[in-house]
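Below: the structure, in structure tokens.
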Amino acid sequence: MTNPITLHQISVSEMDNNCYLLCCDGQGLLIDAADKPNEIFSMAQEAGVEITHVLTTHRHWDHVRALPEVLKKTGAKHYAPFLDSPAIPAEVDVELRHGDVIEFAGHEIPVIILRGHTPGGAAIAVEIDGVTNLFVGDSLFPGGVGKTTSEGDFVRLYKDVTERIFDLYPDSAIVRPGHGESTTLDDERPHLGEWWDRRW
């Protein structure tokens with residue numbers, strides 16, 4: 001029987017980047033080593049885990065400023081989406097594709113690729129206290145999808161978020177974005193048509 005996963009998080013930097021730490025059996029899976037490595041190490045220490053896995057959700061600079069130092073100090077296995085990994089400033093041990101799983105402390109964590117904010121960001125779905133938690137990087141926020149720079153990128157991201165998130169996961173699922181506050185699919189679902197019409 002696998003033990004449950006627990007969640008710790010901090011916000012770092014002037015951009016309110018969320019660093020999430022999934023914890024189980026003394027192991028930690030860090031989602032986005034965004035900045036302030038010492039604060040990340042303190043979070044892990046307070047949680048009683050060693051950082052053994054690091055997931056970088058996407059290539060943008062504000063999500064990777066602490067990454068080289070965290071990887072060097074911890075020796076953690078580094079996961080990142082294959083479409084973004086060439087632009088990430090650290091060696092990627094496992095390049096993720098849509099439908100892959102991350103093995104963590106006896107759990108198999110599904111990987112979701114969301115294209116449009118960057119060539120292909122990674123999200124993961126994790127059961128915590130009986131509720132699905134979706135760690136989505138910058139692809140989905142309260143009030144809309146992540147920033148895109150072209151019509152094609154918006155359409156791609158909207159369709160991926162709709163088909164790979166909203167169509168598959170329950171309304172109770174908690175959406176945990178790369179910045180700011182969390183939301184739920186239930187809160188956001190009624191607005192999908194508005195997002196499509198306004199194009200952001």
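In this chain, residues are counted from 1 in sequence order.
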Minimum heavy-atom distance between Val12 and Cys19, given as atom pair plus value: CG2-SG, 3.7 Å
How far does CG of Leu21 sit from CD1 of Ile40, to the nearest 0.5 angstrom? 9.0 Å
Student check: side-chain heavy atoms of Ile128 and Leu22 closer than 4.5 Å: yes
Measuring from Leu134:CG to Leu185:CG, what's the distance to the nearest 0.5 Å? 5.5 Å
Ile5 and Val49: same hydrophobic cluster, using ILVMFWY side-chain contacts below 4.5 Å? no
Looking at Met15, is its backbone amide N or carbonyl O close enough to the side chain of Ser13 to form a donor-acceptor pair, meaning the two atoms are under 3.5 Å apart? yes
Minimum heavy-atom distance Asn17-Ala34, with the two atoms named: CB-CB, 3.6 Å
Closest non-hydrogen atoms of Ala125 and Thr132, given as atom of the first, atom of the second and distance, are CB-CG2, 4.3 Å
So which atom in Gly143 and which in Trp195 form the shortest heavy-atom distance, rounded to 0.1 Å? O-NE1, 3.3 Å
Please determine whether the number of non-hydrogen atoms from other residues, nucleotides or ligands lying under 6.0 Å from atom CD of Glu127 exceeds 12. yes
Heavy atoms from other residues, nucleotides or ligands near CD of Glu14 exceed 12 (cutoff 6.0 Å): yes
So do the side chains of Ser139 and Leu157 get within less than 4.5 Å of each other, counting heavy atoms only? yes
Glu188 side chain to Thr183 main-chain N or O, any donor-acceptor pair under 3.5 Å? no
Can any side-chain N or O of Ser85 pair as donor or acceptor with the backbone N or O of Phe82 at less than 3.5 Å? yes
Any donor-acceptor pair under 3.5 Å linking the side chain of Tyr79 with the backbone of Thr57? no
Sequence neighbours excluded, every pair satisfying salt bridge (Lys or Arg N to Asp or Glu O under 4.0 Å) that has a member inside residues 74-101: none
Give me the atom names and distance for the closest heavy-atom approach of Ala122 to Leu55. CB-CD1, 4.3 Å
Quick one, Val54 and Val70 - any side-chain contact, counting heavy atoms below 4.5 Å? yes
Against the six-membered ring of Trp196, is Arg199 placed for a cation-pi contact (under 6.0 Å from the centre, within 45° of the normal)? yes
Test: Lys147 and Asp138 ion pair at under 4.0 Å: no
Applying side-chain hydrogen bond (donor to acceptor under 3.5 Å, both in side chains), name anything that partners Arg59, two or more places apart in sequence or on another chain. none
Quick check for you: to the nearest 0.5 Å, what is the distance between Asp186 atom CG and Phe166 atom CZ? 10.0 Å
When rounded to the nearest 0.5 angstrom, what distance separates CG in Leu7 from CD1 in Ile31? 7.5 Å
Following the transitive rule for hydrophobic clusters with a side-chain heavy-atom cut-off under 4.5 Å over Ile, Leu, Val, Met, Phe, Trp and Tyr, establish whether Ile109 and Ile165 coincide in one cluster. no
Short side-chain to backbone donor-acceptor contact, Asn133 and Val131, under 3.5 Å: yes
Sequence neighbours left out, what passes side-chain hydrogen bond (donor to acceptor under 3.5 Å, both in side chains) with Thr148? Give chain and number order. none
According to a 4.5 Å side-chain heavy-atom criterion applied to Ile, Leu, Val, Met, Phe, Trp and Tyr, with indirect links allowed, do Val155 and Leu114 form part of one hydrophobic cluster? yes
Would the distance check show the side chain of Tyr20 and the main-chain N or O of Ile10 forming a donor-acceptor pair, the cut-off being under 3.5 Å? no
Check whether any side-chain N or O of His117 sits under 3.5 Å from a backbone N or O of Phe154 as a donor-acceptor pair, and report yes or no. no
For Pro177 against Ser182, the heavy-atom pair lying closest together: CD-CA, 3.9 Å
Can you find a heavy atom in the side chain of Leu29 that is under 4.5 Å from one in the side chain of Phe135? no
Could you tell me if the side chain of Val111 sits less than 4.5 Å from the side chain of Ile102, heavy atoms only? yes
CD1-CG distance between Ile174 and Asp187, expressed to the nearest 0.5 angstrom: 10.5 Å
Can you find a pair of side-chain heavy atoms, one from Phe104 and one from Val126, that are under 4.5 Å apart? no
Between His63 and His179, how do the two ring planes meet: parallel, tilted or perpendicular, split at 30° and 60°? perpendicular
Qualifying residues under side-chain hydrogen bond (donor to acceptor under 3.5 Å, both in side chains), relative to His8, sequence neighbours excluded: none
Path from Leu67 to Val92 over hydrophobic side-chain contacts below 4.5 Å: no
Do His78 and Val94 have side chains that get closer than 4.5 Å, going by heavy atoms? no
Listed by chain and number, what are the side-chain hydrogen bond (donor to acceptor under 3.5 Å, both in side chains) partners of Glu194, not counting sequence neighbours? His191
Can you find a heavy atom in the side chain of Cys24 that is under 4.5 Å from one in the side chain of Pro4? no
Above 12 or not: heavy atoms from other molecules or residues under 6.0 Å from CG of Asp129? no
In Å and rounded to the nearest 0.5 Å, what is the CD1 to NE2 distance from Ile112 to His98? 7.5 Å
In the single-linkage hydrophobic clustering (I, L, V, M, F, W, Y; side-chain heavy atoms under 4.5 Å), do Phe141 and Leu192 co-cluster? no
Residue pairs meeting salt bridge (Lys or Arg N to Asp or Glu O under 4.0 Å), one or both in residues 32-52, sequence neighbours left out, come to Asp35-Arg65
